[in-house]
Structure formats: C-alpha cells, structure tokens
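Written out below as structure tokens is the structure these notes cover.
A, B, ... follow the sequence lines: proteins, then strands. Residue 1 opens every chain.
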Amino acid sequence: MKIATWNVNSLKVRLPHVLDWLAANRPDALCLQELKMEDKAFPAAELEAAGYHAVFNGQKTYNGVAILSPHVPDETARDIPGFADEQKRIIAATIGGVRVISAYFPNGQAVGSDKFEYKLRWLAALTDWLREELKTHERVVLAGDFNIAPEDRDAHPDWKDEIHVSPPERAAFAALTELGLADAFRLFEQPEKSFSWWDYRMGAFRRNFGLRIDHILVSQALRTNCRGCTIDKTPRKLERPSDHAPVIVDLDL
DNA sequence: ATGGCAGTCGCTGACTGA
C-alpha cells in the first residue's frame with residue numbers, strides 16, 4: 001500500500017501534474033494540500049476519470065486539503081473537533097483499514113507574530129485530537145505539509161529565518177512523535193540534504209537550497225509495515241511546478 | 001538592506017506562502 005502527500009500550491013494550476021503523477025505512481029492514497037479552491041470547483045470528475053475517488057475540504061484562495069484514492073474512502077471527517085477555525089487544513093478518511101489524515105499545518109510567517117501564535121495553538125489542538133484518534137484507530141497515517149523542519153539536517157545550512165526551525169515548532173513536532181507517531185522518512189537510510197520544498201526564487205531548487213517540511217508520520221502499529229519512504233523530486237523539475245515535492249511511504253499491507 | 005517567484009483576487013498591486 002502506497003500513501004503519499006503533496007502540497008500542490010493550487011490544484012487548479014497543478015491538476016495536469018497531479019493526473020500525470022497518479023498515472024505514473026498509482027498510490028492507494030494521495031493527500032493534497034493548498035488546493036486554493038472552493039469545494040464547488042474541485043475537479044472530482046477529472047479525478048474519477050483517472051480512477052480516483054476524492055474527499056476534500058476547501059475554501060476560497062487559501063489552504064484546502066484532500067485525499068484521493070482508488071478505494072472508496074470511509075468515515076470522512078473534516079477539521080479538528082472542538083477547535084474553532086475558519087481555515088480548512090484537515091481532512092481524514094479510512095482507506096483500506098488505515099486512518100489517513102491529510103494536514104496543512106499553518107506557516108507561522110515569523111516567530112513571535114500572530115500567525116506564529118496561531119500555529120502553536122493549532123499544533124496543540126492537533127496533538128490533543130490525535131491522542132484521542134489513536135485510542136480508536138490502531139493504524140494511523142498523518143501526512144501533509146507540516147511547515148516544520150524537525151532537525152538541523154532537514155534545513156539547508158544557509159536557511160537564515162527562524163520560522164520552520166524554531167525550538168517551539170520543533171517541540172510541537174516532538175510532541176506528535178511522543179504520541180507514538182514515527183517520521184517514516186527517518187526509519188530508513190536517506191541521502192544527505194534531502195528536502196521536500198525549495199523556494200521558487202534564487203535558483204533554490206537547482207542549488208538544493210531547501211527544507212524538509214512535508215512529512216508522513218505512522219502510528220506504532222504501522223512502523224514495522226514500512227518498507228521505504230522517499231521524496232520524488234521529478235515533478236519539481238516540470239514547467240510551472242509546485243514548490244513542494246511529493247513524499248511517498250510504501251507499506252507492507 | 002531588499003527582493004528575488006508564484007497563485008489568488010480582481011484591476012491596483014496587496015496578501016500569503018516558506
């Protein structure tokens with residue numbers, strides 16, 4: 001079973017890339033972030049024609065998440081229960097017995113800003129919710145754009161901003177792993193300077209000036225099922241790419 | 001020291017992203 005995550009930075013613009021990537025990789029679940037569209041604009045018909053069902057949680061201009069699957073998603077849920085939020089950042093569904101969560105974590109803009117405070121509040125609410133979710137679901141996959149580079153090796157050495165690498169953000173990431181969720185990427189030997197996002201500016205992709213901020217976390221019960229986890233840089237090389245690359249975990253299920 | 005790129009909204013550049 002292959003589960004992937006990809007921040008597409010506008011599904012409207014990136015739909016051709018997504019369709020090509022689905023055809024080439026045939027994941028059992030693809031979690032998308034930054035749809036930047038309302039639900040009524042979601043390209044459900046095009047995806048159905050490609051053999052993929054979709055559940056989605058969108059809004060105008062910003063945010064928006066989805067899960068695509070060739071299997072029929074079950075038990076679909078949206079947003080973090082009890083956390084009042086206009087921003088559409090969470091969708092969950094059960095696929096093949098796995099609780100899959102597509103998450104678009106807040107950016108945070110700058111340490112100390114209002115958006116940063118929102119990011120930390122959101123992270124605390126997510127962690128509280130997942131603690132409960134893990135009581136009722138043994139197999140959980142949390143996949144998405146975390147907007148956190150968990151360790152120094154996950155950020156290019158020249159990264160000069162504090163956002164994405166600050167101690168409070170890293171502590172929040174650690175709190176998620178302390179629930180028993182493992183960073184699937186780090187269960188395996190990986191190349192040095194493995195990143196999932198590169199700025200559009202400054203030739204950042206060419207220079208591999210990036211961050212590893214897109215992650216797939218797996219619950220304790222799934223850890224031994226992980227056969228591999230990789231970042232696919234192929235679509236980042238296309239014309240008009242997303243600034244993020246897909247991350248894929250291969251599960252023995 | 002700043003902006004550099006891209007997408008959205010919508011018509012003038014502002015806002016956001018990371």
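Using a 4.0 Å heavy-atom criterion, one finds that A/Ile163 contacts no nucleic acid atom at all. Within 4.0 Å of A/Asn63, counting heavy atoms only, lies no atom of the nucleic acid at all. Among the heavy atoms of the strands, none lies under 4.0 Å from A/Phe105. A/Asp199 comes within 4.0 angstrom of nothing in the nucleic acid, heavy atoms only.
Looking at A/Arg99, its side chain never comes within 3.5 Å of a backbone N or O of A/Thr136 through a donor-acceptor pair.
The pair A/Arg186-A/Asp154 meets the salt-bridge criterion, since a charged nitrogen lies less than 4.0 angstrom from a carboxylate oxygen. With respect to A/Asp39 and A/Lys88, no salt bridge is recorded, no charged nitrogen being found less than 4.0 Å from a carboxylate O. Taking the charged nitrogens against the carboxylate oxygens, A/Arg170 and A/Asp152 do have a contact shorter than 4.0 Å, which makes a salt bridge.
Of all nucleotides in DNA chain B having an atom under 4.0 Å from a heavy atom of chain A, the first and last in 5' to 3' order are B/dG4 to B/dA18.
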Name each donor-acceptor pair under 3.5 Å that joins a side chain in residues 246-253 of chain A to protein atoms two or more places apart or in another chain, with its distance.
unit_1, atom_1, unit_2, atom_2, d
A/Asp250, OD1, A/Arg227, NH2, 3.4
A/Asp252, OD1, A/Arg227, NH1, 3.2

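Across B/dC15 and B/dC11, the matching C1' atoms stand 15 Å from one another, rounded to whole Å. Distance noted for atom P between B/dA18 and B/dT8: 14 Å (whole Å). One P atom belongs to B/dG7, the other to B/dT12, and the distance between them is 23 Å to the nearest Å. For the C1' atoms, the distance from B/dT16 to B/dG3 is 16 Å, rounded to whole Å. Nucleotides B/dA14 and B/dG4 have their P atoms positioned 12 Å apart, rounded to a whole Å.
Its side chain within the 4.5 Å cluster rule, A/Phe205 clusters with A/Phe195, A/Trp198 among the Ile, Leu, Val, Met, Phe, Trp and Tyr residues.
Two residues, A/Val13 and A/Trp159, neighbour DNA chain B, and the one matched to the more 5' nucleotide by heavy-atom proximity is A/Val13. Nearest-nucleotide assignment on DNA chain B puts the 5′-proximal partner with A/Asn9, out of A/Asp145 and A/Asn9.
Note on ring orientation: taking the six-membered ring where Trp is involved, the planes of A/Phe146 and A/His215 are perpendicular (angle over 60°, cut-offs 30° and 60°).
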